[in-house]
Amino acid sequence: MAAATDDAGDSNEMIRVVSSDGEHFEMPEAAANLSLVLRHMIEDDCADAAGIPLAVVAAKPLAKIVDYCTKHAAKSSGLTIEEAEELKRFDAEFIEVDTDMLYDLLVAADFMGVEGLSKLAVQRTADLIKGKTPEQNRETFGIVNDFTPEEEEEICKENEWAFQITKPPSRLC
Amino acid sequence: MAPKEKDCSNKSTKATVRTTKKSPASPTTTLRDLPDKLLELILLHLAASPLWLVRAAATCKRWRRIVTNINFLCRIDRPQHRQVAGHYQYHRRSPSHPDDRSLTFVPSSSPAATHGVDARHFSLEFLPGGCSSWELVDSSSSILLLTKRNRSTRLTRRRRFFPDLVVCEPVTRRYQLIPRMEDTKYQRCLGVFLQVYNTSSIDMWGRTCSSMSRYRVICVAYREYSGVSDEIGTALAYVFDPNWSYRWNRRTHHPSWYIAKPRWATDKRSIHLRDTDSACFLGRATGAVFWAVRDDNTLLVLDEWTTEYEVIRLPDRIRGSSELQVVVDGDDNGKLRVVCLEGDVLRVFATWQRGNGDWVLQNSLRLAAATAGIAGYKEGCFRSGAMRVVTASAGCVVLKPEEETTWMFSVDLETMEVARCRNVGVAAYPCELPWLPTLRACVTRCERRGQGRCSHICICDNA
């Protein structure tokens with residue numbers, strides 16, 4: 001999935017896309033059709049040799065998305081049970097990324113309108129949040145705690161049961 | 001809470017590398033760059049558990065703003081299968097004193113249901129007078145209904161006067177005392193029941209309502225007819241609904257009891273009871289409460305939602321002296337079964353249309369012969385003949401001979417198979433985590449007592 005090459009002999013038309021930092025990617029038309037934005041561009045005959053510029057998608061997430069679409073387009077219809085399972089495994093492996101990449105994918109998939117990937121990334125992010133304490137969540141996602149100590153105390157008081165889990169701590173919160 | 005650094009950029013070397021590479025064309029995406037729309041989608045996945053939602057709302061202001069937003073709350077579907085966090089159970093301290101019981105909370109065995117919420121949060125010590133002055137009579141969803149235990153007189157309980165009640169949510173330690181109606185004070189009570197609305201958590205004015213305001217209490221009381229010499233009376237359903245006065249008369253803010261008026265058109269054959277003891281509580285199933293009226297050989301049925309009574313004639317073959325138990329199968333239009341014990345003969349009658357269908361004798365079983373093969377059987381068990389129903393669930397009853405204390409057996413009502421069973425007979429009241437959890441948009445104390453911009457979510461006035 002490197003930069004663009006001339007691939008004229010292929011009967012399947014290749015669509016070129018350009019990332020925000022100027023890298024070129026290529027994917028089959030069927031794969032590009034998974035993205036709402038690309039499909040509309042193709043329908044409007046905007047897909048030329050120069051490639052479709054995607055102003056907000058950087059090269060790294062774009063490479064992943066092209067990867068995802070190519071895989072899913074190849075197996076879009078008439079899936080056997082094994083193929084469906086293989087696709088599931090692919091998804092599970094595909095989304096095992098660090099949080100930075102996850103944000104990139106969330107934003108890029110949402111921008112490009114790749115519904116399946118969008119759902120996958122949302123689910124993955126939610127899974128990261130589930131079962132964690134607020135402190136752990138802040139750590140995972142690099143969030144600054146912007147509550148004042150008074151507010152935090154109030155929050156703890158509001159639903160005390162949710163913040164005291166295993167061993168009773170010395171303080172209330 | 002120690003002050004936090006401004007961002008995560010100094011957290012890992014990778015992040016620093018990325019920042020050096022950063023060009024105006026490809027800025028690093030952080031969580032702050034995610035539009036609210038996406039973050040909302042992510043947080044919606046957490047709605048499956050109240051615990052996850054509460055903790056997400058405690059992470060940062062932005063998450064809290066999203067989670068407490070009315071649009072977010074409207075998009076949450078109430079989880080279909082709520083998991084029970086645990087059961088309240090009564091355990092007898094000594095076999096000789098059946099009234100000497102202690103209430104314990106037994107957490108659910110699956111850790112997924114409680115998510116590790118500590119069992120001590122289910123303690124009832126926050127109730128006025130402590131846990132020991134109340135008796136648990138019903139539970140639904142995350143709330144419990146308790147009656148005041150009157151220590152001084154057992155007589156009071158036998159007479160079953162209209163009780164003092166409290167409704168509480170253990171984990172949030174909120175409770176509401178339910179005042180008695182002055183004129184019902186000396187009416188005798190046939191049963192008190194708690195109902196929780198399964199409706200959306202958003203009311204018609206777009207405000208969230210906490211689980212503590214989505215219940216109603218039904219108290220079925222016996223009222224003597226005045227001017228009739230014999231002890232003849234009727235059953236009345238009193239309903240306490242904390243939202244009721246709100247709905248119809250917004251000037252009176254004190255919720256109070258009201259009498260559920262029977263529909264006179266259909267209630268020509270009104271209910272006559274000879275004293276409270278003639279109505280014997282049988283059970284509760286699929287939204288209805290059942291009593292057996294001994295003298296009349298009928299079943300008194302109260303529909304919990306419409307609070308309307310219905311009288312069902314029992315088959316003539318059931319004699320008044322026998323022990324009865326109603327068993328209703330799981331689905332709403334399931335058949336109604338009556339288990340009738342007479343001596344050691346168990347008979348099962350079934351009807352498919354409540355009220356107007358005929359009763360069919362489904363099965364009949366001689367218990368002495370059927371139980372001879374199971375462990376613990378003693379010759380003399382059935383000599384006195386009296387049998388008791390310990391508990392009944394869909395399609396199954398548990399029985400024991402009257403004198404026995406430990407030996408019990410269950411009867412499958414479809415196959416009439418008999419099996420020994422242990423560890424039943426403790427009344428268990430299931431309890432869930434609150435849904436939706438109370439989350440205030442403004443976490444600083446609301447100065448306007450719920451009248452400000454946060455009024456749709458603020459609970460200042462009932463905190």
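Just so it is clear: chains get the letters A, B, ... in the order the sequence lines come, proteins before strands, and each one is counted from 1. Computed from heavy atoms alone, side chains included, the values below leave out hydrogens, waters and symmetry copies.
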Q) Could you state the interatomic distance from OG1 (B:Thr59) to CD (A:Gln136), rounded to the nearest 0.5 Å? A) 10.5 Å
Q. For A:Lys132, is it the side chain, the backbone, both, or neither that has a heavy atom closer than 4.5 Å to a heavy atom of chain B?
A. backbone
Q | Rounded distance [0.5 Å steps], CG in A:Leu106 versus CG in B:Leu38 | A | 6.0 Å
Q) At what distance, to the nearest 0.5 angstrom, does OG1 of B:Thr172 lie from CH2 of A:Trp161? A) 8.5 Å
Q. So which of A:Ala121, A:Ala126, A:Gly22 has the biggest tally of heavy-atom pairs under 4.5 Å with chain B?
A. A:Ala126
Q: For the residue pair A:Phe163 and B:Val54, establish whether any side-chain heavy-atom pair is separated by less than 4.5 Å.
A: yes
(Q) Within a 6.0 Å radius of atom CD on A:Glu43, are there more than 12 heavy atoms belonging to other residues, nucleotides or ligands? (A) yes
(Q) Between the side chains of A:Glu158 and B:Arg64, is the shortest nitrogen-to-carboxylate-oxygen separation below 4.0 Å, so that they form an ion pair? (A) yes
Q) Below 4.5 Å, heavy atoms only, C-beta onward: do B:Lys61 and A:Glu151 meet side chain to side chain? A) yes
Q: Rounded to the nearest 0.5 Å, what's the gap from CZ on B:Arg55 to CG on A:Asn137? Could you check?
A: 9.0 Å
Q: Could you look at B:Pro434 and say if it's the side chain, the backbone, both or neither that has a heavy atom under 4.5 Å from chain A?
A: side chain
Q: Go through the structure and list residues passing ring-ring contact (aromatic ring centres under 6.0 Å, His included) with A:Phe90, not counting sequence neighbours.
A: A:Phe94
(Q) To the closest 0.5 Å, what do you measure between CG (A:Asn159) and NE2 (B:His121)? (A) 10.5 Å
Q | With A:Asp127 via side chain to side chain donor-acceptor pair (under 3.5 Å) - residues at least two apart | A | A:Gln123, A:Lys130
Q.
Strictly distance-based, threshold 3.5 Å: is any side-chain N or O of A:Asp146 a donor or acceptor partner for the main-chain N or O of B:Cys60?
A. no
Q. Charged N to carboxylate O under 4.0 angstrom, B:Lys37 versus A:Asp110?
A. yes
Q) How close do A:Ile129 and B:Leu46 get, heavy atom to heavy atom, and via which atoms? A) CG2-CD1, 3.6 Å
Q. For B:Ala119, is it the side chain, the backbone, both, or neither that has a heavy atom closer than 4.5 Å to a heavy atom of chain A?
A. neither
(Q) Under 4.5 Å from any heavy atom of chain A, what part of B:Leu43 do you find: side chain, backbone, both or neither? (A) side chain
